[in-house]
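Read the structure below first, then the notes.
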Amino acid sequence: MLEQGKVLKGRYEIKGILGAGGSSHVYFAYDRETCRNRAIKEVRQIQEGQAACMARQEVELVQKLRYPYFPEIVEVLEQEGMCYIVMEYLEGETLEHLLARTGAQPWQQVVRWAKDMCLVLGYLHNCRPPIVYRDMKPANIILQRGGNLRLIDFGAALECGGREGEYISLGTRGYAAPEQLAGGMADARTDIYCLGATMYHLLTGEDPCQYPCGAYPVRKFNRKVPRKLTKIIKKCTCMQPEGRYGSCGELRKALEGI
């Protein structure tokens with residue numbers, strides 16, 4: 001873990017930590033060359049020599065995307081046996097921090113956010129080859145001051161090549177679809193499960209890792225949520241992929257009907 005004041009490449013001064021995940025830390029840094037703030041993701045080794053490979057794959061994937069919801073990548077650094085992805089610093093607050101600060105969110109707001117995320121995920125799923133994000137959760141969504149949402153952290157994202165051996169168990173327990181944690185095939189329905197679990201968390205204020213979506217109905221925690229919305233979330237988080245919405249477009253249409 002980098003200490004405050006550490007300078008990478010004689011240019012990026014570490015000012016603090018923004019967050020931490022299963023295989024990475026994300027730091028807040030100041031770019032002395034451009035006089036701009038940056039976010040720097042430190043990719044940790046899972047296996048010997050794997051950090052640089054994971055970082056390059058993530059960067060190559062994000063750089064292919066041309067969509068305003070994703071952060072811009074500045075460069076990749078390798079220093080002292082670690083790999084760092086330097087990227088645009090996004091002003092705002094993650095929905096995870098918002099939940100911790102204010103609790104369960106109004107259902108009308110959650111529906112608006114979910115419709116936006118349907119557009120983002122739909123864009124990824126319609127790429128050629130399709131991209132499955134696999135890590136939708138409040139911690140990976142930044143709410144900016146103007147109300148726009150930005151999606152961060154593509155470490156678990158996958159370009160679908162169709163070979164089952166390419167699929168390994170990645171994601172966050174509580175949000176990840178059953179087939180995802182089992183290392184099975186992933187497609188658009190996998191992300192729809194994650195988005196359903198994210199909506200569940202935003203509406204209830206309860207972590208789906210502790211209170212699984214299938215075991216605890218939304219209205220157990222929040223009676224203000226319309227029954228139609230609870231049915232949508234139940235369908236999103238069906239244990240079997242074939243029981244979920246077939247696409248984010250289909251899900252967005254259902255949300256528009258509330």
Membership question, hydrophobic clusters at under 4.5 Å side-chain separation (ILVMFWY): are [Y] and [X] in the same one?
X: V74; Y: I152; answer: no
X: M239; Y: L181; answer: no
X: L255; Y: Y69; answer: yes
X: V62; Y: L90; answer: no
X: Y211; Y: M136; answer: yes

Under 3.5 Å, is there a donor on one side chain and an acceptor on the other for [X] and [Y]?
X: T172; Y: D135; result: yes
X: Y27; Y: E42; result: yes
X: Y175; Y: H201; result: yes

Q: Would you sort out whether K220 and E206 count as a salt bridge (Lys or Arg N to Asp or Glu O under 4.0 Å), showing the intermediate values?
A: CA-CA 11 Å; K220 173 181 173 64; E206 303 294 340; over 6 Å; no
Q: Could you go through the side chain to side chain contact (heavy atoms under 4.5 Å, CB included) check for W113 and T198 one step at a time?
A: CA-CA 10 Å; W113 289 338; T198 298; over 6 Å; no
Between [X] and [Y], is any pair of side-chain heavy atoms under 4.5 Å apart?
X: I131; Y: L158; answer: no
X: I142; Y: L95; answer: no
X: F28; Y: I40; answer: no
X: L18; Y: Y89; answer: yes
X: C236; Y: M199; answer: yes
X: Y193; Y: P178; answer: yes
X: Y12; Y: V7; answer: no
X: V132; Y: L124; answer: no

Taking only Lys NZ, Arg NE, NH1 and NH2, and the carboxylate oxygens of Asp or Glu, determine whether [X] and [Y] approach each other closer than 4.0 Å.
X: R134; Y: D191; result: no
X: E242; Y: R244; result: no
X: E256; Y: R252; result: yes
X: K64; Y: E159; result: yes

Q: Answer yes or no: does atom CZ of R145 have more than 12 heavy-atom neighbours from other residues, nucleotides or ligands under 6.0 Å?
A: no
**Q.** Greater than 12 external heavy atoms within 6.0 Å of K235's NZ
**A.** yes
Least distance between heavy atoms, [X] atom then [Y] atom:
X: A29; Y: I14; value: CB-CD1, 4.2 Å
X: T190; Y: M185; value: OG1-O, 4.3 Å
X: C118; Y: L195; value: SG-CD2, 3.9 Å
X: V43; Y: M82; value: O-CE, 3.8 Å
X: F154; Y: L151; value: CE1-O, 3.9 Å
X: A104; Y: G205; value: CB-N, 3.8 Å

**Q.** Stepwise side chain to side chain contact (heavy atoms under 4.5 Å, CB included) test for V120 and M117
**A.** CA-CA 5 Å; V120 177; M117 287 298 101; 3.7 Å; yes
Interatomic spacing from [atom1] in [X] to [atom2] in [Y] - rounded to 0.5 Å:
X: I258; Y: W107; atom1: CD1; atom2: CH2; value: 6.5 Å
X: E96; Y: K137; atom1: CD; atom2: NZ; value: 7.5 Å
X: I85; Y: E58; atom1: CD1; atom2: CD; value: 4.0 Å
X: Q108; Y: L229; atom1: CD; atom2: CG; value: 9.5 Å
X: Y245; Y: I192; atom1: OH; atom2: CD1; value: 9.0 Å
X: L119; Y: L149; atom1: CG; atom2: CG; value: 10.5 Å

Verify, without hydrogens or angle tests, whether [X] (side chain) and [Y] (backbone) share a donor-acceptor contact under 3.5 angstrom.
X: Q144; Y: E91; value: yes
X: K253; Y: C248; value: no
X: E250; Y: G246; value: yes
X: H125; Y: L121; value: yes
X: N126; Y: G122; value: yes

Q.
Does T237 form a side chain to side chain contact (heavy atoms under 4.5 Å, CB included) with Y200? I'd like the steps, not just the answer.
A. CA-CA 9 Å; T237 55; Y200 174 93; 5.9 Å; no
(Q) Quick check on salt bridge (Lys or Arg N to Asp or Glu O under 4.0 Å): which of R38, R150, K41 does E88 satisfy it with? (A) R150
(Q) I'd like to know whether L61 forms a side chain to side chain contact (heavy atoms under 4.5 Å, CB included) with Q57, so could you lay out the CA-CA distance, the side-chain angles of the two residues, the decisive distance to 0.1 Å, and finally the verdict. (A) CA-CA 6 Å; L61 188 151; Q57 288 176 352; over 6 Å; no
Q: Assign the ring pair Y216 / F221 to parallel, tilted or perpendicular, where the plane angle (0 to 90°) is split at 30° and 60°.
A: tilted
Q.
Would E75 and K9 count as a salt bridge (Lys or Arg N to Asp or Glu O under 4.0 Å) here? Give the steps.
A. CA-CA 11 Å; E75 66 173 317; K9 198 185 173 182; 2.8 Å; yes
